[in-house]
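First comes the structure, then the notes that go with it.
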Amino acid sequence: MAAGAAVNPTGTKAPKMGAPAKMPAVMAAYIGDMTGSVQVQLGGSDVWSLARAQQQLPAGTQIKTMGDSSATIGLSDGTKLRVGPNATFKIEALSNSKVSVFIGLGKLEAWITKFAKRTFQTRNPVAVASVRGTAFAMNVLSPTNATVDLFQGGLAVTDNFGRTTAVAEGQRMEANAATGGSAPAPVPAGVTMAAEPVISIPAPAAAAAPAASDAPADETEAAPAKAEPVTNSPSQNIDTVSKSQ
C-alpha cells in the first residue's frame, strides 16, 4: 500500500492503514512472503523445518530468521506482521477474540487491523503491547532492552514502576528492565515504517472468511483489554495500550 499523509516529527511519512476488514469466520495465520532462510516449528510439533510461502501457522508456531532473512505473516483479518533478520517469534494465541504473539529477539513491524471485542497483544521479554488499529515497530535489542516506535495511533505506556506515559505518533518509547520506560522522544531521523505489505490470502483462509455482504461492519470500538503480565522477566512489565481510534 502507498504511504499515507500522516507525518511524524522527523518528517517521515507513516503508512496509511486500510479501513477495518470484516472479521473472518475462522482466524488463520500464514506466511505471506519471506526472504533468505526461515525456519518454522509448527504448533504441536518439536521439529524445525524450512518455511514455505503461504504455509498455514497454527497457534503455538515458532519462527526463526537468519541474518539475511525475514518473514511476513498475514492473518485472515487483514493484520500483517513482518519479522526481521536474526529474530525469534511465536504465535501464542490465535482466535477471533484474541491474538497474541511473542518476539523474543529482533525487530517486529505490525499493521494491526481494527476490531471491537478483539484483543491483540504483542509481547517481548520486557514489555507487552495491547493494540488496536495501530502501526508500530517493536525492536528487542536484548532480553532486557526494547524500543517501540509508534507511526500511527496512540499508546499509553505503563512501566514496572507504575509510571504511565502517553506516546504520540512519531514518538519512540524505550524500555529497560532496570530503569523502566523512558520519556517519549521523536523517532530518530532515518527510522521509518515500511509500507504496509500486500499479501494474497491463501485459498483455505479465503474460504474461511465470509463475503463482505455476509458480514456486518464492526465499527464499534471497545475499550482495550488490560495487558497480561510479562511472565518471561519479572523485573519489568511495560503495558502498552492503544488509545481508541
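Small disclaimer: the values here were computed from a predicted structure and weren't measured.
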Check your understanding: Between Arg118 and Ile112, is any pair of side-chain heavy atoms under 4.5 Å apart?
Key -> yes

Practice item. Could you tell me whether the side chain of Met66 reaches within less than 4.5 Å of the side chain of Gln39, counting heavy atoms only? Key: yes

Which pair of heavy atoms, one from [X] and one from [Y], lies closest together, and at what distance?
| X | Y | value |
| --- | --- | --- |
| Ala194 | Trp111 | O-CZ2, 3.3 Å |
| Arg82 | Pro197 | NH2-CB, 3.7 Å |
| Ala175 | Val126 | CB-CG2, 4.4 Å |
| Gly78 | Thr113 | C-OG1, 3.1 Å |
| Phe115 | Asp77 | CE1-CB, 3.4 Å |

Give a yes or no answer on whether the side chain of [X] reaches the backbone of [Y] with a donor-acceptor pair at less than 3.5 Å.
| X | Y | value |
| --- | --- | --- |
| Ser76 | Val26 | yes |
| Thr72 | Gly32 | no |
| Ser69 | Ser37 | yes |
| Thr119 | Lys98 | no |

Practice item. Could you go through the side-chain contact (heavy atoms from CB on, under 4.5 Å) check for Ile63 and Val38 one step at a time? Key: CA-CA 7 Å; Ile63 290 176; Val38 178; 3.8 Å; yes

If I take atom [atom1] from residue [X] and atom [atom2] from residue [Y], how far apart are they, to the nearest 0.5 angstrom?
| X | Y | atom1 | atom2 | value |
| --- | --- | --- | --- | --- |
| Met193 | Leu150 | CE | CG | 9.5 Å |
| Arg123 | Leu108 | CZ | CG | 13.0 Å |
| Tyr30 | Gln55 | OH | CD | 14.0 Å |
| Gln152 | Thr134 | CD | OG1 | 8.0 Å |
| Met34 | Leu50 | CE | CG | 8.0 Å |
| Ile31 | Leu81 | CD1 | CG | 12.0 Å |

Would you give me the side-chain donor-acceptor pairs under 3.5 Å for residues 136-143, sequence neighbours excluded?
residue, atom, partner, partner atom, Å
Ser142, OG, Thr144, N, 3.2
Ser142, OG, Thr144, OG1, 3.3
Ser142, OG, Asn145, N, 3.3
Ser142, OG, Asn145, ND2, 3.3

For [X], enumerate each residue passing the side-chain contact (heavy atoms from CB on, under 4.5 Å) test, keeping only those at least two apart in sequence or located in another chain.
| X | result |
| --- | --- |
| Thr35 | Ser70 |
| Ala29 | Leu57, Ile73, Leu75, Ile91, Leu94 |
| Pro85 | none |
| Lys90 | Gln62, Glu92, Phe102 |

Exercise for review: Step by step, work out the side-chain contact (heavy atoms from CB on, under 4.5 Å) result for Val40 and Ser49.
Suggested key: CA-CA 5 Å; Val40 62; Ser49 60; 3.9 Å; yes

**Study point:** For Asp149, all residues meeting salt bridge (Lys or Arg N to Asp or Glu O under 4.0 Å), sequence neighbours excluded
**Key:** Arg172

Practice item. Name all pairs fulfilling the salt bridge (Lys or Arg N to Asp or Glu O under 4.0 Å) condition that reach into residues 62-74, sequence neighbours left out, sorted by first residue then second. Key: none

